[in-house]
Amino acid sequence: MSLLDNLNPPQLAAVTLEPRHALVLAGAGSGKTRVLTTRMAWLIQTGQVSPHGLMAVTFTNKAAREMLTRMTSMLPINTRGMWIGTFHGLCNRMLRAHHRDAGLPQTFQILDTADQLSSIKRMLKGAGIDDEKFPPRQVQQFINGSKEEGLRHTDVEANDNFNRQLVELYGMYDAQCQREGVVDFSELLLRSYELLSRNAPIREHYQHRFRHILVDEFQDTNRLQYRWLKLLAGGGGAVFAVGDDDQSIYAFRGANVGNMAEFERDFAADQVIRLEQNYRSYGHILDAANMLIRNNSGRLGKNLWTDRGHGEPIRVYEAMSDQQEAQWVVEEIRSLVNDGRLRSQIAILYRSNAQSRVLEHALFSAQVPYKVYGGLRFFERQEIKHALAYLRLMENPHEDTAWMRVVNFPTRGIGARTLEQQADIARTHAISLYSAVGHVAGRGGNNLAQFASLVDRMRFETQNLPLHEIVEHVIEASGLIAHYQTEKEGTERIENLRELVNAAAAFASEDGYAADDAGALATTLPETGQVLPSPLAAFLSHAALEAGDNQASLGQDAVQLMTVHAAKGLEFEAVFISGMEEGLFPHENSILEPAGLEEERRLMYVAITRARERLYMSFSQTRMLHGQTRYHMRSRFLTEVPEESLKWLTPKMGLAKGMDTAPAWGRSSAWIDSESADGVSMGRSRGKDVHGYVGAAETYSSRRTAQAGVEVNGKTFMVGQSVAHPRFGEGVIVHLQGAGQDAQVQINFSGSGTKTLALGVAKLDPI
DNA sequence: TGAATATCAATTTTT
DNA sequence: TTGATATTCA
């Protein structure tokens, strides 16, 4: 029994490639992870590389874990000290090992996105910056964006005053982080990159060490990650990059698909392997995916195929309202479950989280167990972050972000003015809040001193205690438990705090945290006198880098609800893609720009390829969004999919021919009733977004409230209705005026913009 | 200090 | 419409 058994020819070729740079275009469901893990096992088994000389990088901890598990199941080796992990995890590891060379304190802590934001807010406040003019989020974006391009504040070009100030804020922020001994996520990457590029011995050490670098989801890498990889591979290490440009859906957070093409050129990766055989889905589903994605330009090119046959066509459903759409989904799910399907094998996907509410409501009413993905994760919960802040202060009392978070939580009589006073002192002396405590006068100063000594005492009292006992001590001694006991809804928070103790125990018992690398490295580089990080420090890094499961808790068999983004990498027997509407999917914010639209299309591609056996798509004529009724046209993506692969469960309308008779379910009274419930009022219009359908963004939808229909020549028209015009094509009625032959309609046409037409004259057909 | 009230924004998200 | 955050008032 060999590792290489049962691989298809391209897979085999990829696994056994000679040690040169290579690009593997791995389509959805083509066995990507298998190729990656088998190659690692094969390289080691054949003695081409030692576990020590191999690096495997992923984006998520989950992917890293899976890689580790699958590799060790093929080749039972000790993976301790192997560099398999996320970009951030590996950079953290490197910076811990060389904190001195990287200019960081040994106990540096990691700011997650929320911590970073509050750090920025605090900085802006301290500097007296108007946060109207410089919204903290925008400053944060600017900083992270710059870092992800590899730019320090001294490197960023600023052409106008505003940007110059942003650059200055960037510099201030970095200085503040440095002073406090903290790094944010992008800083992990950038600092590691700078360490490698500036420190020749360290660079050469790693370049020499890693003979093989395997990268997962290469299409999601940003520019800095690309350069980091390039630097690491600079000593002759072979990069094995696996990715799928058609599944690149994270451009909005810095991912650069262009890295794939650039890799091919830049690394002279003459070996490009395509994995196109799909083991997941039936033919109709793959046909739809292939045909859809062909509308994108500049692809590296790939066509999925299967030998499993066509399977069932994609079922398409048009609903009257979002509620009815949800109801239909529930009915279908019920029948799927009756047929013996597991609920956990059924997923409902949507473009944006707001869409989950109606679906949840329908599922809940029908008593169908379901699970929504997304939302707060364990380490992001308020009570957990509070507890972690205490623990962080014990590691490093100068960390002002943590200080501010818990200095008065639970309340201990430290008010805003005291804190302002303290901040002023800290700023003028350029010292930490902790160091400034002694200089604050009055009762407030006294309370501050008490808090500082509480932190010191907790540190002292937990010396030499095992990790989970430290945590246990802290949640009690900090007063957190007592505080939540008095709160009405504190029970769950207390449970979570107890769970944190368990998490600490579990973490310490795993072999995860031991930084045996530091040891291994010390033997190579004796000059870096290594000290192992304390278990607490390691646990805090762990908490920041792995915010905990967002995944469904095991247990009851439940229908899976999530965004399309969250579904990437997953698969289900049956998949519902809901809200197939212009403005929703593709999202209105992305329709304008070609690049945005193409990313939406890739997103749809991802959605489609999640389905193994059965795929449903649905859309609705009416949808409640932001408190207003909206009318959308059905998604263009429905037309980009082969007609033969679709099976319309409701009559397909809107094509030039064959719409002679209105269907029985047509404009039913139910539709009108539901609208008249909230009357003819225009709602509290905000003016700017209601009027003027000039931009293309408004082309497909109207935010007007429905009003009574108008009958002309035996046809009834009303606001929100879809109509067809011989010259202008399809559109939605956004406004009706007058009655009878003189009535005027304003219509948003998908191709030709907004037109105002006379109902008596225009050749309009309801569709 | 904390609760009540106004205001504002509203894809997608991992680390 | 919801939800998160900022501001105000007792």
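Naming convention: chains lettered A, B, ... in sequence-line order (proteins, then strands); numbering from 1 in each chain. Only heavy atoms go into these numbers, but all of them, side chains included; no hydrogens, no water, no symmetry mates.
A sub-4.0 Å separation between OP1 or OP2 of dT11(B) and a side-chain N or O of S590(A) is absent. In this model, the phosphate group of dT15(B) is not approached by any side-chain N or O of N144(A) to a distance below 4.0 Å at OP1 or OP2. Within the structure, a side-chain polar atom (N or O) of R377(A) is placed less than 4.0 Å from OP1 or OP2 of dT15(B). At least one side-chain nitrogen or oxygen of N408(A) sits closer than 4.0 Å to the OP1 or OP2 atom of dT1(B). N61(A) has a side-chain polar atom (N or O) that falls below the 4.0 Å cut-off from OP1 or OP2 of dT15(B). Close to dT15(B), at under 4.0 Å from its OP1 or OP2, lies no side-chain N or O of N92(A). Note on R602(A): every side-chain N or O is 4.0 Å or more away from OP1 and OP2 of dT12(B). Not one side-chain nitrogen or oxygen of T563(A) sits closer than 4.0 Å to the OP1 or OP2 atom of dT11(B).
Listed candidates were dT2(C), dT15(B), dA10(B). Nearest to the side chain of H626(A) is dA10(B). Distances from the side chain of S352(A) to the nucleotides dT13(B), dT15(B), dT12(B) place dT12(B) closest.
Residue F252(A) is in base contact, counting any heavy-atom pair closer than 4.0 Å across all strands shown. At the heavy-atom level, F87(A) lies nowhere under 4.0 Å from the strands shown. Counting any heavy atom pair closer than 4.0 Å across all strands shown, D184(A) reaches no nucleic acid atom.
Side chains of Y250(A) and N222(A): a donor-acceptor N/O pair is absent below 3.5 angstrom, by distance only.
At least one side-chain heavy atom of Q116(A) sits under 4.5 Å from a side-chain heavy atom of Y173(A).
Rounded to a whole angstrom, the distance from the P atom of dT13(B) to that of dA4(C) is 15 Å. Across the C1' atoms, dT11(B) and dA6(C) are found 24 Å apart, a figure rounded to whole Å.
The pair K32(A)-D244(A) does not meet the salt-bridge criterion, since no charged nitrogen lies less than 4.0 angstrom from a carboxylate oxygen.
The local environment of CD in E492(A) is sparse, with at most 12 non-hydrogen atoms from other residues, nucleotides or ligands closer than 6.0 Å.
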